[in-house]
Amino acid sequence: MNFKNITVAGSGVLGSQIAFQTAYKGFNVSVYDISDEALAKAKERITNLKPYYQKDLGTTDEEFEEGFKRLSFYSNLGEAVKDADLVIEAIPEVTKIKTPFYEELGKVAPEKTLFVTNSSTLLPSQFAEATGRPGKFLALHFANEIWKNNTAEVMKHPGTEQANFDHVMEFAKAIGMVALPLQKEQPGYILNSLLVPFLDAAELLLVKEVSDAHTIDKTWMIATGAPMGPFAILDVVGITTAYNIVQTKAEATGKEEFKQLVELLKTEYIDKGKLGRETGEGFYKYPNPAFMEKDFLK
Ligand code: NAD
């Protein structure tokens, strides 16, 4: 891997984190977004990362500034990718936005440029043809708060060339991630293939009134030694996201138990403003949730 110049397309929640982390680790980063207004917001988002880097990584003011100086900002795609070795796409999770983006990118990017998508739910094979260079395209999926939740799931689609997959694995390590290879395309990657069914199973025990949230968590924690149970995890994910996932499932399957779960999450949690850790209450009350008390596991 001889990557020097990286372009991050889309500078929202994840794009701004990816751009800064990449610059912080010494790469030149071009940030692309659709308007100067969006770019101004990105600069603000990136500046707001500073206290987190200081607290979590012990970053100094100087180190943060040096990282920031390696960023440049563009609202013209051709200029943003002019010298790019790699383009990391983090634009909205909407097929109708991503497909035309890749069609244009494929035309304006140099021949050498690799493309990766950070999409959480859309598969790279959906966009491989639109890129015009399927062999140089794959997924590189980060987690929110990438400076500390540093997983990078690197996933092929059937047309990805092995050498390019290897380059992206190496790049992910170079920016401080733990690179996790997925040799085959898998909806949900590794993490969500495990996590979503696990959380569903816990929520169904609750809605069927088999047991209560704290008892379910306690069972999991004692039996496996895990530091958190499924409902504590749901509080971190956020009840709104959990609700959206369950609602999609209720519509897709028509199953009564999912419909009841939608209703439960809405009336008992969302309508009462209990949206999880961020709002101070979900299945637990924060900042001192019951599952962290020393008697919880007794
Ligand atoms: P976001 O809505 O915060 O940001 C999207 C950005 O893309 C905005 O700045 C927007 O102006 C810009 N944009 C819109 N259309 C564009 C276009 N045509 N070209 C360039 N930029 C455009 O979204 P996000 O949460 O950062 O998610 C982005 C991608 O990252 C999605 O594919 C999502 O699945 C994935 N992802 C998100 C998270 C998360 O926790 N938010 C985690 C992992 C992966």
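Keep in mind that the numbers below use all heavy atoms, side chains included, and drop hydrogens, waters and symmetry copies. All residue numbers in this chain count up from 1 along the given sequence. Just follow the structure's listing: the first ligand is 1, and inside any ligand the first atom is 1.
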Participant: Who's the nearest protein heavy-atom neighbour of atom 35 (C) of ligand 1, and how far?
Facilitator: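 Looking only at protein heavy atoms, the one closest to atom 35 (C) of ligand 1 is N118 O, 3.3 Å.
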
Participant: Has the side chain of N150 got a donor or acceptor atom that lies under 3.5 Å from a matching backbone atom of G176?
Facilitator: yes

Participant: Would you mind listing which atoms of ligand 1 come within a distance below 4.0 Å of any non-hydrogen atom of E93?
Facilitator: 31 (C), 32 (O), 33 (C), 34 (O)

Participant: For E185, which residues count as a side chain to side chain donor-acceptor pair (under 3.5 Å) partner, sequence neighbours excluded?
Facilitator: S125

Participant: Counting heavy atoms only, which of I146, I91, D33 is nearest atom 12 (C) of ligand 1?
Facilitator: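 Nearest heavy atom to atom 12 (C) of ligand 1 lies in D33.
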
Participant: Hey, any chance F64 and V31 share a hydrophobic cluster, counting ILVMFWY side chains that come within less than 4.5 Å of each other, even indirectly?
Facilitator: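 In one cluster: yes.
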
Participant: May I ask you to check whether R45 has an N/O atom sitting below 3.5 Å from an N/O atom of ligand 1?
Facilitator: no

Participant: Could you tell me whether K156 and E161 have a side-chain N and a carboxylate O separated by less than 4.0 Å?
Facilitator: no

Participant: Any atoms of ligand 1 less than 4.0 Å from a non-hydrogen atom of N144? List them with their elements.
Facilitator: 40 (O)

Participant: Tell me yes or no: between the side chains of T121 and E93, is some donor less than 3.5 Å from an acceptor?
Facilitator: yes

Participant: Would you mind checking which non-hydrogen protein atom is closest to atom 6 (C) of ligand 1, with the distance to 0.1 Å?
Facilitator: G12 N, 3.7 Å

Participant: Can you list every salt bridge (charged side-chain N to carboxylate O under 4.0 Å, His left out) pair that touches residues 195-219, not counting sequence neighbours?
Facilitator: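 As it turns out, the salt bridge (charged side-chain N to carboxylate O under 4.0 Å, His left out) pairs with a partner in residues 195-219, which skip direct neighbours, are D200-K249.
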
Participant: Identify, by atom number and element, the atoms of ligand 1 in contact range of L14, meaning under 4.0 Å from any of its heavy atoms.
Facilitator: 26 (O), 37 (C), 38 (C), 39 (C), 40 (O), 41 (N), 42 (C), 43 (C)

Participant: For atom 43 (C) of ligand 1, what is the nearest protein heavy atom, given as residue, atom name and distance?
Facilitator: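 Here the nearest protein heavy atom works out to F142 O, 3.1 Å.
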
Participant: Give a yes or no answer on whether the side chain of T7 reaches the backbone of A80 with a donor-acceptor pair at less than 3.5 Å.
Facilitator: yes

Participant: Is H141 near ligand 1, meaning one of its heavy atoms is under 4.0 Å from it?
Facilitator: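 Judged by the 4.0 Å heavy-atom criterion, H141 does count as contacting ligand 1.
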
Participant: Find all atoms of ligand 1 within a distance of less than 4.0 Å from any non-hydrogen atom belonging to V13, and give their numbers and elements.
Facilitator: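 Close to V13: 3 (O), 25 (O), 26 (O).
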
Participant: Return a yes/no value: protein heavy atom under 4.0 Å from atom 4 (O) of ligand 1?
Facilitator: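 Yes, because at least one protein heavy atom sits under 4.0 Å from atom 4 (O) of ligand 1.
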
Participant: At the 4.0 Å heavy-atom cut-off, does A9 count as touching ligand 1?
Facilitator: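 Not so, A9 does not reach ligand 1.
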
Participant: Are L195 and L205 grouped together when hydrophobic residues (ILVMFWY) are joined by side-chain heavy atoms under 4.5 angstrom apart?
Facilitator: yes

Participant: Consider only side-chain N and O atoms of E89 and Y102, and report whether a donor and an acceptor are under 3.5 Å apart.
Facilitator: yes

Participant: Output the list of atoms in ligand 1 that are nearer than 4.0 Å to some heavy atom of K98, sorted by atom number.
Facilitator: 31 (C), 32 (O)

Participant: Can you tell whether the side chains of K272 and E268 come within less than 4.0 Å, N to carboxylate O?
Facilitator: yes

Participant: Looking only at heavy atoms, is any part of I97 under 4.0 Å from ligand 1, and if so is it the side chain, the backbone, or both, or is it neither?
Facilitator: side chain

Participant: List every atom of ligand 1 that sits less than 4.0 Å from any heavy atom of Y32, numbering the atoms from 1 in the order shown and giving each element.
Facilitator: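 Atoms satisfying the 4.0 Å criterion: 19 (N), 20 (C).
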
Participant: What protein heavy atom sits nearest atom 17 (C) of ligand 1, and how far away is it?
Facilitator: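 Answer, as residue, atom name and distance: I34 CG2, 3.5 Å.
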
Participant: When you measure from the side chain of T160 to the backbone of F137, do you find a donor-acceptor pair of N or O atoms at a distance under 3.5 Å?
Facilitator: yes

Participant: Any protein heavy atom under 4.0 Å from atom 23 (O) of ligand 1?
Facilitator: no

Participant: Select the closest option to atom 28 (C) of ligand 1 among P92, A90, S120, judged by heavy-atom distance.
Facilitator: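 The option holding the nearest heavy atom is A90.
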
